[in-house]
Amino acid sequence: MQKECLLEVSGLKTTFLTENGPVTVVNGVSFQVSAGETLGVVGESGCGKSVTSESILRLLNEKTTRYEGEINYKNRNLLSLTEEEMRSIRGNEISMIFQDPMTSLNPVYTIGDQIAETIMIHQKVGKKAAFAKAVEMLRLTGIPSPEKRVHEYPHELSGGMRQRVMIAIALACQPKLLVADEPTTALDVTIQTQILDLIQDLKQQLDMGVILITHDLGVVAEVCTRVVVMYLGEVVEEAGVEELFENPLHPYTQGLLQSVPQLDGDRSKKLYVIKGAVPSLTNVPKGCRFAPRCNYATDLCRQSEPELMGNRHKVRCWHADTNLQKEGELYVADGS
Amino acid sequence: MDAKTVLEGTYFSDSRKELQKERRSLLIRRFLSNRMLLTGSVITVLLGIIALLAPFLTSYTPLEMQMVKRLQAPSLEHWFGTDNFGRDLFSRVVHGTRVSMAVGISVAFITMITGTVIGLYSAYYKFLDHILMRICDGLMAFPGILLAIALTAALGSNMINVIIALSIISTPTIARVVRSAAIVVKEQVYIEALRAQGASASRIIWYHMAPNTVSPLIIQITFVFAVSVLIEAALSFLGAGIAPPNPSLGNILYDGKVVIFSAWWMTVFPGLFILLSVLGLNLFGDGLRDMLDPHTNKAKK
Amino acid sequence: MWQMAVEDETPLLHVKNIKKYFPITTPFGKVKGHVKAVDNIDFALHKRETLGLVGESGCGKSTTGRTIMRLTEPTAGEAIYKGKDLFQLKGQELQALRREIQMVFQDPYSSLDPKQIIGHAIEEPLTIHKLGAKKERMERAMDLLHKVGLREDQYYRYPHEFSGGQRQRIGIARALAVDPAIVICDEPVSALDVSIQSQVINLLQELQHNYDLSYVFIAHDLSVVRHISDSIGVMYLGRMMEKAPTEELFAQPLHPYTQALLSAVPIPNPKLKKERIILKGDIPTPINPPAGCVFHTRCPYAEARCRTEIPMPRDLGMNHVVACHLYD
C-alpha cells in the first residue's frame, strides 16, 4: 500500500503582496501525495485551497506573491527552480485542470491544435504525430468520434465535452501528478459522474497521483483516498477518507459534514449550522482561527493557536482529545 | 426595540454619521494617493480661479487699446506684454481662459444631460436605440471640427452658438458611453428583480440605471470638457468661433501668428494656457478613471 | 370549516400546460425554429407547501419560474391564482399580483443595486407599490433586517460591504417586504458556501413557518431540494418527467431519468459504495430536442416507440405522476 511519495508540500506559506500590505493566503500547509492516490483538498471559498494548487505549479504572479516553505517533487524543491525549469514541469510532469471549461480553452483554435500544442512543447515530435496523439487522447477521455472532433472549435462542444478536452490536454504528456481544481463544479450532476469516473479510470491507467480540490464533500467521499480539510489558509484536519467521514475530529469538519442535507437524512430536523461567516484574511482571529465560530471554544482556544497534531489522523484542535480515544498521543494537558 | 419610536432620520443616526465619515475619509485618502488626479485637479482649479476672478486680477480691461504701447515685451507693468493693438496680453489671456472655461463647462453640462438621456433611453428601449444610435452614427461620421465650423457659419459666430455647435458634436460620444454602460447594467439581476416588482420604466432608468453609469459618464465628461476647450480655440483661430475684438485663446493665437517672429509672447502665453487647461483636465480624467473604475486599476497591477 | 376544506382542496397556484418557446430567427427576421425552453409543464402549489423543481442546465426550470413572474411572456398555458389567470392580467391587477408573488434570485452579487444602500433596496418594493409612509417603510425594512438575521444598523450599508450569504438574506428580506403569499426561489443557495447554505435553508424554512409562505424552490441540487420540498417535479429538456411527493419520489423513483439523477448525486459517505447508473452522452440542446420522448437518446431502456411517440404524464396513484412509456 505504501507507495513512494510523489509530491511533498511542507510548510507552504503563500503571501500576496497587496497595496494594503501582505496577506498570507496559505499559512503553513503540509501534505503528501503518492502515485495512485487521490488526495482531496476541501474547504469553503477563501480557505486557500485553490491558491495552494496554484502555488504547486507556481502559476501566481511572482512579482506580487511570496512563497515560503518547500514543495518537493522528485527530490527537487519546485519553489527554488528557475522559471524555465518550472515550465518543463508544468503540463509535462504536473498538470492542472480548472473549474471553468468554458474559459480555459482558447476559442480561436481547434481543440486538436490545443492538445497538439501541449504535446509539441514538451516532446520532440512533429505536427502530424502530435495530432495523432491528440486523437488518441480524445479517445482515451471518451469523446465519441475523436477524428472528427479534433477539428472542432471549443464553442461547438458542450461543457462536459470541454472538460474532457481539458483533461485530454492535461494528460497529453502523461504527467505523474494531476491537480484538479473543482473540475466538476460547473457541470451538471449526470455529467459530473462521467467526469469523476473518467479521472478515476485514467488515474489507474496512468498510475498518477491526483490532487482533487473541491468544496463538495460528496465528491470527496466518492473518489478520494485521503482528505485534507482547510480553513482560512490552514490545514485543520487530515485523514484517510473513511476515517474522516466516520470520525471527524475537528469541529469545523464535523460542522461541514452535518450542515449538508443528505439524501437519506431526516427531513424534519433542522440543518446543522456553523454560526457566523468565514473571517477575512486581513483580520485573522487570534488563537485558533476557527474559535469565533466554534461551539466548543474555550479561553485556551482564543488565546493560542493549536498545532496540527497526530500521526495518521492529524487535527488542529485543542480539544480533539475529548472526541478521540484511539490516539492517546494527542492528549493535551490543558489544565482540565 | 425602543429605537422604533424615535423619529425618522435619527434612526441609528450615530452609526450613519460614522459610516459617512468613514466613507468620506476613505475617499479623501484615495484622492490624495492618486497623484495624477491630484495634479490634474490642482491645475484645473487654479485655471478655474483665474477665470472666475479675471476682472479683479488685472488693472487693464481686455479691450483697452493703447496704441503707443503696441507689441511690448513682458514687463512688470504688462506681465505678458501687449499685443498689436496695445492691449494688455495678460488681461486678454485671462479673459480668454474665462471664455474657454465657460464654453467647456457649458458644453460638458449640456452634453451630460443630453448624452445621458439619449444613452439611457436607447439602452432601455430597443426601437429608440435603432433611431438614436443611427443619428449619432451620422453625427460621428463628420469630422467634429468641420461640423462645428459649418454650424457656427450657419448660426453666426458668437459664444452661445459655439457652445451649441460643440454640444451637438460631443453629445454622440457621451451618449455612446452611457449607453454601453447602461446596457451592461440593464442585464443585471437587480434590474430583473425590479421588473418583477412591477417598477416603472422611468424608475428603473433614473433610479437604478443612471446611478450605475455615473462613473464612466464623469470620466468621459472631463474629456469632452478638454476637447471643447481645444476645439473652441481652433474655431476662434480659424475665425469661426468667438469674434474679435472679444478675447479668446484661439483668436489671440491668430493675432499672434502674424507677428510670431517679433512678438513671441503673443503665441507662447495663450498656447501655454490652452496646454495647461487641456493637460489639467486630461490628467484629472485619467486619475478619476483609475479611482472610479476598479478594472483598469487591477489591470495596472 | 367548509372554507378550510376548500382552501386545502384547491391549490393556491395551479399552473396548467405552460409553454415557452423562444423563436430562432434568421438575420432577415424569418422564424426558422423554436427553442422549446418549457413545454407543457403543469403543477399545483398548495398553501404552506414547497414545490421543488429539479433538473440539469437547460431543463427549463428557471424559465418556468420567470414565466410565472411574468418576466417573460408565456407562449401558451395558464396559471390560476385565486381564481384568476395570471397570464391574462394587465395594469393595476398585474401590479397587485406582483406583490403576492415574489422572487429570490440565484446570484447574490448581481441581484442588488451596488449604488443603493440595502435599507432602500429592501424598501424598494414598498416604494414601487406606494405602500406606507416613508417612516413606516423604514420601520418595516429595519424589522425585516432583524428577521433575516442582520443588524438594524446595517441599514445604511452598501451591498459590497456584505458577504454572499448576507446578501442572500437581504434578497430574502426584499422579497418578504410586501407580504407575499408565494416566493419563487431560483437556485437561492447554489452560489453559497456549504456552511452558509444551511443557514439560508434554515432561514427559508423558518420564514415559511412563521408567515405561511408557499415556495417554488428551483434548484439543481437534489439533496437540498429533498430537504426543503414537500413535493418535487423532475424536469428534463423543458418537460416534466416525474412529479411526486418527496418521500414517495425518493422511495420509488419511477422514471429512468430520475433514477439516474438520484444515483449520480455524490453521497458524503465513503462506505456507501452504491451502484451508479452512468448516463451516456450529453444533454441535447433544446433547439432541436429529440423526437418522441426527449430522454430517449440517453435512456438505458429506450424502445422503438420512445423515439416517435411522446409519453403522456400518467398518475400512478399517491399523486405520483410519471411521463414514460415503461408505465403505460
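Below, read A as the first sequence line, B as the second, and so on, with proteins coming before strands; counting in each chain starts at 1.
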### Summary
On a heavy-atom basis, the closest approach of C/I196 and A/R293 is CD1-NH2, 4.4 Å

### Query
Most heavy-atom pairs under 4.5 angstrom with chain A, which of C/S223, C/G55, C/G149?
C/S223

### C/S198 side chain vs A/V273 backbone, donor-acceptor pair below 3.5 Å
no

### Query
Does C/Q199 use its side chain to pair, donor to acceptor, with the backbone of A/I274 at less than 3.5 Å?
yes

### Check: A/G265 main-chain N/O paired with C/R226 side-chain donor or acceptor under 3.5 Å
yes

#### Entry: Closest non-hydrogen atom pair, C/P266 against A/G218
CB-C, 3.3 Å

### Message
So which atom in C/D193 and which in A/E44 form the shortest heavy-atom distance, rounded to 0.1 Å?
### Response
CB-OE2, 3.3 Å

### Query
Is there any residue in residues 188-199 of chain A with a non-hydrogen atom under 4.5 Å from a non-hydrogen atom of chain C, and which ones are they?
A/D188, A/V189, A/T190, A/I191, A/Q192, A/T193, A/Q194, A/D197

### Query
Taking atom CG of C/N269 and atom CG of A/L263, what is their separation to the nearest 0.5 Å?
11.5 Å

### Query
Is the closest side-chain heavy-atom distance between A/V220 and C/P268 below 4.5 Å?
no

### Message
So for C/S229, is it side chain, backbone, both, or neither that comes closer than 4.5 Å to the heavy atoms of chain A?
### Response
backbone

### Query
Which region of C/Q166, side chain (C-beta onward) or backbone (N, CA, C, O), has a non-hydrogen atom less than 4.5 Å from a non-hydrogen atom of chain A, or is it both or neither?
neither

### Separation of C/L192 CG from A/H215 NE2 (nearest 0.5 Å)
10.5 Å

